[in-house]
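Worksheet: one structure, shown below.
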Amino acid sequence: MARVALIGLWHLGTVAAAGLARLGHSVHATDPDADTVRRLQHHEPPLYEPGLAEALSLQAAAGRLLFDSDACSVFSRAEYIFITFDTPVDENDQCDLSPIFTAFDTVALNASGPVTIVLMSQVPVGTCRTLDAQLRARAPHLDFHLVYHPENLRLGEALRTFLLPDFLVVGTELPTAADRLISLYTGVDTSVLRMTWESAEMAKHALNTFLATSISFANEIADLAELAAADVRDVVRVLRADRRIGPRAFLSPGPGFSGGTLGRDVQALRNLARRRGLSTPQLDATLAVNQGRLVRVVNQIAQACAGLRGRRVALLGLTYKPGTDTLRRSHALTLATLLRDQGAEVAAFDPRITSPRPETRDLFLAASPQQAVSDADATILCTPWPEFQQLDLAALRSDVRRPLLFDCHNFLDDAAARRAGWDYWGVGIPRSAIRAERKGAGG
């Protein structure tokens with residue numbers, strides 16, 4: 001059992017703390033926010049993640065997990081120090097590294113060596129080398145080695161992806177430091193990819209940027225499919241059947257990427273290029289396509305409703321994605337703002353948002369899907385919660401003023417929705433009227 005200290009207790013930190021304790025290590029965790037620490041001492045995670053509260057309680061009861069606001073106590077005997085802040089991102093996807101630099105200052109003041117420092121937070125290329133140099137200057141007495149071990153968690157399935165990762169990336173300048181980190185994952189059957197700090201930092205950027213580009217590509221294909229009366233679902237099936245692309249390719253058309261994670265890495269690479277005088281037409285196009293997605297949805301709704309002023313629009317789902325209760329950078333909230341700007345009244349229902357929050361102050365927050373769609377001129381499925389696939393669409397149809405259903409994720413059965421009386425609009429899916437016109441033209 002290793003003695004692990006951890007600083008930074010939001011989504012990444014609480015999942016890592018629970019996961020490392022589950023692997024059998026003694027985890028002592030802290031955060032600059034004393035209130036966050038107090039809540040975690042009562043096994044209350046800062047945001048919802050399936051199974052996380054139960055995991056925190058179980059590991060604390062087993063004596064392997066302790067939360068403490070005293071950084072000196074947390075760091076004093078640690079063999080490993082994990083830096084696990086969720087790197088803040090502004091509305092333009094620019095990251096703020098100040099919490100991470102402050103954490104390294106705290107390490108300099110409180111840690112005693114020898115210690116392996118493991119940075120899991122997402123950082124721009126070159127950050128590890130800067131942090132290493134600054135810590136050596138600030139604490140010349142400290143015997144340490146820095147490892148960059150970027151997180152690859154996914155909201156809604158983070159505990160599973162921590163304990164059953166597709167791979168582990170280990171960036172370091174010293175092979176023995178990589179060995180020490182890998183020893184923490186004894187019993188985890190996965191591949192380990194060793195590399196330098198810069199390669200590990202770049203790999204994280206490249207991975208998320210590739211996913212972002214795949215999303216923008218799929219969305220452009222979906223737009224073209226609509227023009228051609230083709231079904232993007234059939235097109236994607238062909239792409240995934242090609243072994244050079246594969247069945248798990250990130251090719252699901254929808255409202256685009258959000259939440260800050262993918263956008264942050266696209267911007268990090270664009271910033272790197274700008275500093276070196278290099279153009280990035282591919283990355284610029286990825287962002288440009290993404291930025292137009294929600295505007296396109298609003299324009300389609302306005303067209304279908306003959307204008308939005310005075311219309312009532314219902315949103316099904318508000319969270320950034322299913323399996324979490326976070327609203328930060330949610331597509332649904334952005335969509336609500338765009339709709340209100342054109343004069344629409346917006347109501348919403350989400351199974352995890354059961355009481356008003358500051359972000360929902362301009363919405364009517366409904367207690368049920370039925371209440372949300374009551375007298376609606378248009379209904380938009382924004383978050384693909386599994387619960388929405390169980391909705392009685394025929395019964396829901398009787399509550400609306402107009403049976404316009406916009407499915408931003410192609411999540412529902414379009415044929416079933418039409419049988420229930422809805423005018424169903426998907427992303428890259430032909431509407432039944434278009435199919436009928438083509439059939440008539442061909443006959």
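One-based numbering along the sequence shown.
Arg240 has no carboxylate O lying under 4.0 Å from a charged side-chain N of Asp234, or vice versa, which leaves the two without a salt bridge. Salt-bridge formation is detected for the pair Arg138/Asp105: a Lys NZ or Arg NE/NH1/NH2 atom is positioned less than 4.0 Å from an Asp or Glu carboxylate oxygen. By the 4.0 Å N-to-carboxylate-O rule, Arg293 lies close enough to Asp223 to be salt-bridged with it. Using a 4.0 Å cut-off between a side-chain N of Lys or Arg and a carboxylate O of Asp or Glu, Arg418 and Asp413 do not qualify as a salt bridge.
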Should Arg129 and Asp132 be marked as a salt bridge (Lys or Arg N to Asp or Glu O under 4.0 Å) after you check the CA-CA gap, both sets of side-chain angles, and the distance that decides it? CA-CA 5 Å; Arg129 196 162 297 279; Asp132 184 82; over 6 Å; no
Walk me through it: do Leu163 and Leu23 pass the test side-chain contact (heavy atoms from CB on, under 4.5 Å)? CA-CA 8 Å; Leu163 295 169; Leu23 292 173; 4.1 Å; yes
Would Arg312 and Asp399 satisfy salt bridge (Lys or Arg N to Asp or Glu O under 4.0 Å), going step by step from the backbone distance to the final call? CA-CA 13 Å; Arg312 180 180 173 90; Asp399 293 319; over 6 Å; no
Take Thr213 and Thr286 through the side-chain hydrogen bond (donor to acceptor under 3.5 Å, both in side chains) test and state the conclusion after the steps. CA-CA 5 Å; Thr213 301; Thr286 293; 3.1 Å; yes
Show, in sequence, the C-alpha distance, side-chain angles and deciding distance for Asp392 and Arg397, and conclude whether the salt bridge (Lys or Arg N to Asp or Glu O under 4.0 Å) test is met. CA-CA 9 Å; Asp392 185 337; Arg397 160 71 178 83; over 6 Å; no
Evaluation steps, salt bridge (Lys or Arg N to Asp or Glu O under 4.0 Å), between Asp284 and Arg270: CA-CA 8 Å; Asp284 298 346; Arg270 293 177 78 230; 2.7 Å; yes
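For the atom pair Leu412 CG and Leu391 CG, the distance stands at 7.5 Å (nearest 0.5 Å).
Atom CZ of Arg22 has 12 or fewer heavy atoms from other residues, nucleotides or ligands within 6.0 Å. Within 6.0 Å of CG on Asp242 lie more than 12 heavy atoms contributed by other residues, nucleotides or ligands. Environment of CZ in Phe210: sparse, with no more than 12 heavy atoms of neighbouring residues, nucleotides or ligands closer than 6.0 Å.
For the pair Arg352 and Tyr48, the cation sits on the ring face: its NZ or CZ lies under 6.0 Å from the ring centre, inside 45° of the axis. Both the sub-6.0 Å distance and the 45° axial angle are satisfied by Arg180 relative to the ring of Tyr80. Cation-pi geometry between Arg136 and Phe144 is met: under 6.0 angstrom from the ring centre, within 45 degrees of the axis.
For the side chain to side chain contact (heavy atoms under 4.5 Å, CB included) test with Trp425, the passing option among Leu404, Asp407, Asp414 is Leu404; the others fail. Leu318 pairs in a side chain to side chain contact (heavy atoms under 4.5 Å, CB included) with only one of the listed residues (Asp325, Asp350, Leu335), which is Asp350.
Here the side chains of Leu269 and Thr280 are not in contact, with every heavy-atom distance at 4.5 Å or above.
Ring geometry for Phe162 against Tyr185 counts as tilted: the plane angle lies between 30° and 60°, on a 0 to 90° scale.
In this structure a side-chain-to-backbone donor-acceptor pair under 3.5 Å is missing from Glu198 to Val125.
Checked against a 6.0 Å centroid threshold, the rings of Phe82 and His25 do not count as neighbours.
Side-chain polar atoms of Gln122 and Asp86 form no donor-acceptor pair below 3.5 angstrom.
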